Undergrad: 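Attaching a single structure in structure tokens format; questions to follow.
Keep in mind the model is a prediction, meaning the values are calculated, not measured. Keep in mind that the numbers below use all heavy atoms, side chains included, and drop hydrogens, waters and symmetry copies.
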Amino acid sequence: PFTYTANASASTNPTTVTLTASSTSASARTATFTLTATSIPTNTLTTSVIGNGTITGTGINCGNGNIDCNEAYNNGTNVVLTSNAIAGTSTFVSFTGCTSTVGNTCTVNMSVARTVSATFNARPTGVNAGLDQMIHMPAMSTTLTGSASDDNLPTGVLSYSWTKVSGPAGTVSFTNANALVTTATFPTNGTYTLRLNVSDGALSATDDIVVSVNANPRVSASGPASVT
């Protein structure tokens with residue numbers, strides 16, 4: 001049988017490899033090969049975030065103040081990205097640019113340079129139930145004017161609801177409890193806290209208003225009677 005020995009230097013490129021075959025019954029034979037190493041091509045993955053959330057994956061941590069949004073991968077690598085919403089503040093909506101998606105994960109095949117974006121829905125902002133009010137009996141009603149804004153995600157439709165949070169016993173009635181502008185009617189005098197809740201279908205935000213119903217009628221000041 002032959003015994004094979006090799007001698008190679010990995011410190012240079014190209015590298016020369018010498019293979020020697022020897023046997024007790026035959027003369028040694030030597031073969032020399034030259035090996036040239038070639039680099040594997042890479043492609044760059046660029047990620048971005050719309051809204052309040054992050055994209056994470058091997059070499060990627062993008063969004064919500066993190067700026068590691070680009071990474072080079074060997075050609076043909078499958079990269080798995082995960083979207084991460086901020087609890088109570090945002091919800092994940094969708095990816096763009098993926099080879100395939102399952103839930104909040106995105107798989108990207110890096111056969112070419114790729115760009116992936118993740119969109120997150122924010123809860124309604126600027127929710128305002130209006131300034132606190134005082135009314136005087138015999139008036140028992142007042143107009144409530146709320147306001148709110150949204151990022152038009154996930155559907156672009158907001159829903160509203162007014163409720164009584166605290167106050168004297170009895171029901172506060174609303175002409176339309178599901179409208180931003182409505183009229184509230186109170187059962188008796190006292191101090192009431194009312195709440196406006198605004199929802200975009202995925203997240204909600206609230207604001208409160210305090211309405212005081214004064215049992216004393218409003219007194220109008222008047223000047224002294226004129227004497228002629």
Side-chain angles (χ1 to χ4, degrees), residues 2-21 29-127 148-159 198-206:
F2 284 91
T3 300
Y4 297 91
T5 59
N7 180 25
S9 172
S11 61
T12 60
N13 186 31
T15 295
T16 299
V17 178
T18 301
L19 181 64
T20 301
R29 297 289 185 270
T30 300
T32 301
F33 305 90
T34 300
L35 304 180
T36 302
T38 58
S39 61
I40 299 175
T42 61
N43 296 306
T44 298
L45 173 61
T46 302
T47 63
S48 62
V49 170
I50 300 172
N52 193 10
T54 63
I55 298 177
T56 54
T58 302
I60 296 290
N61 186 8
C62 185
N64 200 35
N66 302 308
I67 58 173
D68 191 3
C69 299
N70 306 312
E71 187 72 17
Y73 299 94
N74 289 342
N75 184 63
T77 299
N78 284 323
V79 180
V80 177
L81 302 173
T82 302
S83 66
N84 309 281
I86 309 302
T89 300
S90 65
T91 56
F92 170 66
V93 177
S94 63
F95 276 115
T96 60
C98 304
T99 305
S100 63
T101 60
V102 177
N104 70 325
T105 63
C106 162
T107 300
V108 189
N109 182 267
M110 296 304 299
S111 56
V112 295
R114 302 280 189 184
T115 299
V116 170
S117 178
T119 299
F120 296 87
N121 163 54
R123 67 180 179 181
T125 58
V127 177
S149 58
D150 191 44
D151 58 4
N152 292 322
L153 295 171
T155 65
V157 177
L158 294 177
S159 61
V198 180
S199 173
D200 64 8
L203 296 167
S204 61
T206 64

Undergrad: Give me the atom names and distance for the closest heavy-atom approach of Leu158 to Pro124.
TA: CD2-CG, 4.0 Å
Undergrad: Considering only heavy atoms from C-beta outward, does the side chain of Ser204 approach that of Val198 to under 4.5 Å?
TA: no
Undergrad: Please, which pairs that meet ring pair (Phe, Tyr, Trp, His ring centres under 6.0 Å) have at least one residue in residues 46-80, sequence neighbours excluded?
TA: none
Undergrad: I need the Leu81 CG to Glu71 CD distance, nearest 0.5 Å.
TA: 11.0 Å
Undergrad: Just by distance, do the side chain of Asn43 and the backbone of Met110 share a donor-acceptor pair under 3.5 Å?
TA: yes
Undergrad: Given 3.5 Å as the limit, does a donor-acceptor pair link the side chain of Thr47 with the main chain of Cys69, or not?
TA: yes
Undergrad: Under the criterion side chain to side chain contact (heavy atoms under 4.5 Å, CB included), I'd like the reasoning laid out for Asn70 against Leu45: C-alpha separation, chi angles, the key distance, then a yes or no.
TA: CA-CA 6 Å; Asn70 306 312; Leu45 173 61; over 6 Å; no
Undergrad: As a quick check of understanding, evaluate side chain to side chain contact (heavy atoms under 4.5 Å, CB included) for Asp200 and Thr155, giving each step before the final call.
TA: CA-CA 7 Å; Asp200 64 8; Thr155 65; over 6 Å; no
Undergrad: Output yes when a side-chain donor or acceptor of Ser83 lies under 3.5 Å from a complementary backbone atom of Asn104, and no otherwise.
TA: yes
Undergrad: Could you tell me whether the side chain of Val108 reaches within less than 4.5 Å of the side chain of Val116, counting heavy atoms only?
TA: yes
Undergrad: Walk me through it: do Ser117 and Ile50 pass the test side chain to side chain contact (heavy atoms under 4.5 Å, CB included)?
TA: CA-CA 7 Å; Ser117 178; Ile50 300 172; 3.9 Å; yes
Undergrad: Please report the interatomic distance CG(Asn109) to OG1(Thr77), rounded to the nearest 0.5 Å.
TA: 8.0 Å
Undergrad: Where do Ser90 and Ala85 come nearest, in terms of heavy atoms and distance?
TA: O-CB, 3.4 Å
Undergrad: Working to the nearest 0.5 angstrom, can you tell me the gap between Ile55 CD1 and Ser48 OG?
TA: 6.5 Å
Undergrad: Among residues two or more places apart or on two chains, list those pairs meeting ring pair (Phe, Tyr, Trp, His ring centres under 6.0 Å) that have a residue in residues 82-101.
TA: Phe92-Phe95, Phe92-Phe120
Undergrad: Return yes if some donor-acceptor pair links the side-chain N/O of Asn84 with the main-chain N/O of Gly53 below 3.5 Å, else return no.
TA: no
Undergrad: Go through the structure and list residues passing side chain to side chain donor-acceptor pair (under 3.5 Å) with Ser149, not counting sequence neighbours.
TA: Thr125
Undergrad: Report yes or no: do Thr107 and Asn78 form a side-chain donor-acceptor pair below 3.5 Å?
TA: no
Undergrad: Any chance you could measure Thr89, atom OG1, to Leu203, atom CG, to the nearest 0.5 Å?
TA: 8.0 Å
Undergrad: Using modelled atom types only, decide if a donor and an acceptor are shared between the side chain of Asp151 and the backbone of Ala122 within a distance under 3.5 Å.
TA: yes
Undergrad: Decide side chain to side chain donor-acceptor pair (under 3.5 Å) for Thr54 and Asn64; before the verdict, give the C-alpha distance in whole Å, the side-chain angles of both, and the deciding distance to 0.1 Å.
TA: CA-CA 6 Å; Thr54 63; Asn64 200 35; over 6 Å; no
